[in-house]
J.: 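Let me begin by handing over the structure; questions about it come next.
Only this structure's heavy atoms are used, side chains among them; waters, hydrogens and symmetry mates stay out. Just so it is clear: chains get the letters A, B, ... in the order the sequence lines come, proteins before strands, and each one is counted from 1.
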Amino acid sequence: MSKVSLPQGTRDFSADVVRKRNYIFNTIRSVFELYGFQPLETPAMENLETLMGKYGDEGDKLIFKILNNGLDRPEKKEKTIAAFENILAGKNNTAITERALRYDLTIPFARFVAMNHQQLVMPFKRYQIQPVWRADRPQRGRYREFYQCDADIVGSNSLINEVELTNIYATVFKQLGIDVSIRINNRKILAALAEVCGGADKMIDITIAIDKLDKIGIDKVKEELTNKGLNESQLNTIEKYLQIDGDNRSKLQKLNSLIGISAIGKKGIEEIEFILNHTSTKTLPIVTDFTLARGLNYYTGIIFEIQATQVKMGSIGGGGRYDNLTSTFQVPDIPGVGISFGVDRIYDVMDELQLFPKDVQTGTQVLFFNLGNLESDAAFNLMQQLRNKHISCEIYHEQAKFDKQFKYADKKGINYIVIIGSQELADKTCTIKNLLTGKQQTITQDELLDFVF
RNA sequence: GAGGUUGUAGCUCAGUUGGUUAGAGUGUCAGAUUGUGGCUCUGAAGGUCGGGGGUUCGACUCCCCUCAAUCUCCCCA
């Protein structure tokens with residue numbers, strides 16, 4: 001074992017992995033652009049105070065903080081020690097750390113909007129594909145450095161935006177070849193359930209409990225809610241709510257009879273109906289799921305979650321509507337709605353189902369054999385001309401036996417080799433061989449430049 | 001943050017109740033093979049057994065600590 005190592009939860013990506021990941025990134029990016037979203041990049045680090053308090057207590061603990069420089073300067077000693085005592089007491093102290101690594105893309109985006117909202121053309125549609133860092137305990141599919149791909153629309157309350165985002169999900173996963181179900185729900189419906197159960201203040205407890213339904217079963221959910229102080233008739237309502245089934249339309253009908261008396265519940269149902277009416281459920285795999293809650297507390301309307309249907313895996317995407325994105329940055333509430341793609345999990349799903357196209361791995365297309373000084377000079381010249389035609393080529397790094405040069409091409413997955421030896425040099429020809437078919441032909445050097453690889 | 005499992009060559013893994021010089025397959029490199037690869041054969045390199053400490057005459061093996069991977073909970077992508 002080597003002594004050099006990687007920090008916990010981080011990874012190197014070798015060529016074949018990078019190519020496959022780029023295939024996913026490029027697919028997502030091109031669809032974002034197709035729908036009129038603009039790119040945004042923000043710094044790897046933010047001021048600590050920008051991030052703290054935005055992700056809940058658990059989230060705050062998982063933020064990577066950056067140690068200030070110059071703490072060892074003698075004149076700062078007293079201050080540093082005092083600040084360190086503060087840290088030990090569980091408080092933050094900017095004398096020791098005032099910057100932190102980006103934890104997600106949403107809060108930096110909110111910060112950006114708060115700083116620039118007067119210049120931005122509203123509604124502002126941005127997408128962002130960058131790594132984020134979390135001091136989480138790594139597990140399968142969970143890392144301390146991973147990429148997020150977000151698209152958000154801010155400054156508009158229109159449900160057209162939700163429809164567009166639903167279509168983006170459908171388009172991306174269709175292009176990638178992954179069968180998914182797009183589960184949707186509405187926070188307003190969850191709020192109405194809490195209201196009807198006589199405990200509007202219990203909404204958080206109720207949503208956390210019912211979100212676990214498929215994991216722990218209905219009895220455990222009821223048990224958990226009893227412990228939170230819900231009574232028998234409230235539990236009955238929730239049980240009826242959880243038993244709603246059928247297709248999307250009949251689910252909404254049953255839901256309406258249960259919580260339709262609540263104004264906010266009616267609104268929530270109407271919003272979901274709007275999405276269903278403006279998308280084709282024949283082609284889009286939209287499934288209403290009233291148990292869907294999603295962890296982040298800032299969602300206020302429609303929420304999404306994407307599940308791969310052929311592989312057992314956590315969600316590979318999610319998002320929703322929020323009404324108060326910028327309020328914590330002293331800017332009047334700007335509403336928005338956004339979605340996110342989990343690239344690392346999408347990669348795992350595609351790898352398992354072997355969905356990556358074969359040509360993803362094509363690197364160098366042509367290898368020129370190196371058969372001597374004069375020969376390689378001629379090869380060099382031709383190689384540069386091919387490169388000008390956007391054909392990626394390389395020349396073997398030294399004169400060597402055929403055997404070695406063939407094996408090099410084989411290992412690197414190069415499909416064509418071009419041989420220019422003394423004979424070809426004299427004739428101004430070259431021999432080109434397709435390593436997949438084994439066929440070879442000798443053509444003039446001029447013809448090589450127009451060869452279709 | 002709590003608990004469990006695992007860690008031996010680049011990779012996949014053997015290694016007996018603690019016993020002398022830790023093995024195999026695969027991969028790598030060289031040769032058989034001086035203008036036609038993938039096969040075959042021969043040979044070589046590659047490990048202070050994740051790291052540190054302890055018990056012992058003696059530790060890959062037993063104990064403690066630590067690091068990493070992985071699983072469950074929590075939380076999430």
J.: Which base, if any, makes a Watson-Crick or G-U wobble pair with B:G38, both distances under 3.5 Å?
T.: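 None - no nucleotide pairs with B:G38, as no candidate has both distances under 3.5 Å.
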
J.: Is there any protein nitrogen or oxygen under 3.5 Å from a nitrogen or oxygen in nucleotides 70-73 of chain B, and what are the pairs?
T.:
unit_1, atom_1, unit_2, atom_2, d
B:C71, OP2, A:Arg140, N, 2.5

J.: Filter on salt bridge (charged side-chain N to carboxylate O under 4.0 Å, His left out), then keep only pairs touching residues 127-139 of chain A, sequence neighbours left out; what's left?
T.: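 Sorted pair list: A:Asp136-A:Arg142.
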
J.: Please answer whether B:A77 and A:Phe146 are stacked, defined here as ring centres separated by less than 5.5 Å and planes angled under 30°.
T.: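 Stacked: ring centres under 5.5 Å, planes under 30°.
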
J.: Sequence neighbours left out, what passes side-chain hydrogen bond (donor to acceptor under 3.5 Å, both in side chains) with A:Asp351? Give chain and number order.
T.: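 By the side-chain hydrogen bond (donor to acceptor under 3.5 Å, both in side chains) rule, A:Asp351 matches A:Lys20.
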
J.: According to a strict under-4.0 Å criterion, is A:Gln405 in side-chain N/O contact with OP1 or OP2 of B:G37?
T.: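 False: A:Gln405 side-chain N/O out of range (4.0 Å or more) of B:G37 OP1/OP2.
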
J.: Find every protein N or O atom lying less than 3.5 Å from an N or O atom of nucleotides 30-33 of chain B, and list the pairs.
T.:
unit_1, atom_1, unit_2, atom_2, d
B:A30, OP1, A:Lys404, NZ, 2.5

J.: Among B:G35, B:A77, B:C29, which nucleotide has an atom closest to any side-chain atom of A:Arg134?
T.: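 Minimum distance to the A:Arg134 side chain belongs to B:A77.
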
J.: Under a 3.5 Å cut-off for both distances, is B:A2 Watson-Crick or wobble paired, and to whom?
T.: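 Across any shown strand, B:A2 pairs with B:U72.
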
J.: Working note: A:Gln130 + A:Arg102, criterion side-chain contact (heavy atoms from CB on, under 4.5 Å); need CA distance, chi angles, decisive distance, verdict.
T.: CA-CA 10 Å; A:Gln130 288 189 278; A:Arg102 182 169 61 216; 3.4 Å; yes

J.: Restricting to salt bridge (Lys or Arg N to Asp or Glu O under 4.0 Å), what partner residues turn up for A:Lys401, sequence neighbours left out?
T.: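 Residues passing salt bridge (Lys or Arg N to Asp or Glu O under 4.0 Å) with A:Lys401: none at all.
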
J.: For A:Glu49, check salt bridge (Lys or Arg N to Asp or Glu O under 4.0 Å) against everything at least two apart and list the hits.
T.: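 Partners of A:Glu49 by the salt bridge (Lys or Arg N to Asp or Glu O under 4.0 Å) criterion come out as none, since no residue qualifies.
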
J.: According to side chain to side chain contact (heavy atoms under 4.5 Å, CB included), who are the partners of A:Pro7, at least two apart in sequence or on a separate chain?
T.: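 Checked A:Pro7 against side chain to side chain contact (heavy atoms under 4.5 Å, CB included); matches are A:Thr10.
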
J.: Parallel, tilted or perpendicular: which describes the rings of A:Tyr169 and A:Phe304, with under 30° parallel and over 60° perpendicular?
T.: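 Because their plane-to-plane angle is over 60°, the rings of A:Tyr169 and A:Phe304 count as perpendicular.
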
J.: Short of 4.0 Å, heavy atom to strand atom, which residues of residues 432-453 of chain A count as contacting RNA chain B?
T.: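 Contacting residues: A:Lys433, A:Leu435, A:Gly438, A:Gln440.
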
J.: Applying side chain to side chain contact (heavy atoms under 4.5 Å, CB included), can you list everything that pairs with A:Phe380, at least two apart in sequence or on another chain?
T.: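 By the side chain to side chain contact (heavy atoms under 4.5 Å, CB included) rule, A:Phe380 matches A:Met383, A:Gln384, A:Ile395.
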
J.: Applying side-chain hydrogen bond (donor to acceptor under 3.5 Å, both in side chains), can you list everything that pairs with A:Arg126, at least two apart in sequence or on another chain?
T.: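 By the side-chain hydrogen bond (donor to acceptor under 3.5 Å, both in side chains) rule, A:Arg126 matches A:Gln128, A:Asp152.
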
J.: Sorted by first residue and then second, give each side-chain hydrogen bond (donor to acceptor under 3.5 Å, both in side chains) pair with at least one member in residues 153-162 of chain A; sequence neighbours left out.
T.: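 For residues 153-162 of chain A: A:Ser156-A:Asn161, A:Glu162-A:Arg321.
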
J.: Does the B:G35 base have a donor-acceptor partner in the side chain of A:Glu375 within less than 3.5 Å?
T.: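 No, the side chain and the base share no sub-3.5 Å donor-acceptor pair.
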
J.: Output side-chain donor-acceptor pairs under 3.5 Å for residues 439-446 of chain A, partner residues at least two apart or in another chain, one line each.
T.:
unit_1, atom_1, unit_2, atom_2, d
A:Thr442, OG1, A:Thr431, OG1, 3.1
A:Thr444, OG1, A:Glu447, N, 3.1
A:Thr444, OG1, A:Glu447, OE1, 3.3
A:Gln445, NE2, A:Thr429, O, 3.1

